[in-house]
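Worksheet: the structure to be examined is printed underneath.
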Amino acid sequence: TSNTLTTTGSNGSITGANAIFANYVFAANSNVDLYIYSSNAYANANAGLAMANAAFANANGAFAKSNAAYNHANSAFIFGNSTFYHANSGFDHANAAFFKANASFISQNSTGEYANAAFTLANGAFIHANSGFIQANAAYQSQNATGNVANAAFANANGAFAAANAAFANANGAFASANASFIVANSGFIQANASFNHANAAFAAANNVFPQVQPAFNTANAAFLQANAAFIHVNSSFHHANAAFANANGAFARANAAFANANGAFASANAAFNTANAAFIRANNSLDANNGGTVTGTVTIVGNLTSNTLTTTGSNGSITGANAIFANYVFAANSNV
């Protein structure tokens with residue numbers, strides 16, 4: 001069904017037993033009623049002759065009136081002249097009917113050319129239909145390819161999720177290492193406190209026992225050295241704890257980056273899925289070989305179009321083309337039938 005159907009090529013054809021055109025009549029070539037055209041022309045010629053006969057009768061009447069009314073002879077003569085002009089007019093009508101007959105013959109030739117043009121248009125329409133079918137197939141294949149891309153994106157997203165899990169496990173390990181370093185640092189702090197207590201005890205002993213001051217002082221010095229050594233160990237543990245904290249932060253940053261990558265892969269997968277859905281919907285909305293469909297816009301068909309029933313719609317439905325040929329049919333405007 002088309003508002004305007006255009007055929008192209010030298011061998012375009014429309015075949016079928018029930019072709020219907022909105023503003024045209026479609027008849028078999030073998031049954032083209034050229035006789036109707038000739039009969040109409042003959043009828044018009046007869047009408048002209050009848051008018052001439054009527055004019056002749058009027059002339060006879062006028063002559064009878066001139067004989068019956070001698071006193072009105074002059075007026076009857078004028079009427080006779082008038083009827084002569086009417087007779088001439090009848091002759092002109094007969095000539096016009098002859099020209100109409102000639103015009104009908106020319107119009108019949110024109111319908112043959114219209115039929116050729118319609119045939120070419122039908123071929124063009126078939127080529128357009130084939131092109132639409134090829135496009136539908138391409139859309140279906142593209143949808144399959146998009147499905148593959150979506151699967152690959154899903155696999156990438158899974159890989160990114162696995163990488164994020166591994167990064168999280170590394171972060172947990174770094175946190176455990178930091179805890180262990182903190183325990184070691186606490187242990188050094190306890191040792192330092194114990195050394196400080198020993199130093200205090202030695203200082204008290206030195207104060208309480210003057211003769212033993214020197215040995216106590218020596219002992220206090222040794223305790224101080226031990227305390228310094230313990231402090232150095234505590235500092236070293238603190239640096240280790242800081243390094244472990246920095247490593248844990250780095251692992252956390254990597255885990256965040258992996259999570260962002262996983263989100264990006266998910267977004268890509270969603271986009272691919274939407275593209276696949278759009279391609280699937282477009283493929284579904286294409287012409288169905290069994291149930292047909294509606295195409296909005298101009299359709300060009302390269303090849304042959306065969307249809308049992310071809311119907312044009314709209315107020316200006318038309319089939320145009322320079323070389324349209326209809327197998328077994330003639331295509332003519334209703335106004336010229």
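- To the nearest 0.5 Å, atoms CE (M51) and CG (D92) are separated by 10.5 Å.
- Using modelled atom types, no side-chain atom of S110 and backbone atom of I106 make a donor-acceptor pair closer than 3.5 Å.
- With S187 contributing its side chain and I183 its backbone, the two residues share no donor-acceptor pair below 3.5 Å.
- Atom-to-atom distance recorded for N88:CG and Y85:OH is 8.5 Å, nearest 0.5 angstrom.
- Applying the under-4.5 Å side-chain rule to Ile, Leu, Val, Met, Phe, Trp and Tyr, the cluster around F280 consists of that residue alone.
- Interatomic distance, N170 CG to N165 CG, rounded to the nearest 0.5 Å: 11.0 Å.
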Report all side-chain donor-acceptor pairs from residues 223-246 shorter than 3.5 Å, counting only partners two or more places apart or in another chain.
residue : atom : partner : partner atom : Å
S237    : OG   : H233    : O            : 3.0

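- Between the CZ atom of F161 and the CG atom of N263 there is a distance of 11.5 Å, given to the nearest 0.5 Å.
- Atom CG of N270 is separated from atom CG of N277 by 10.5 Å, given to the nearest 0.5 angstrom.
- Atoms CZ and CZ, on F252 and F175 in that order, are 13.0 Å from each other to the nearest 0.5 Å.
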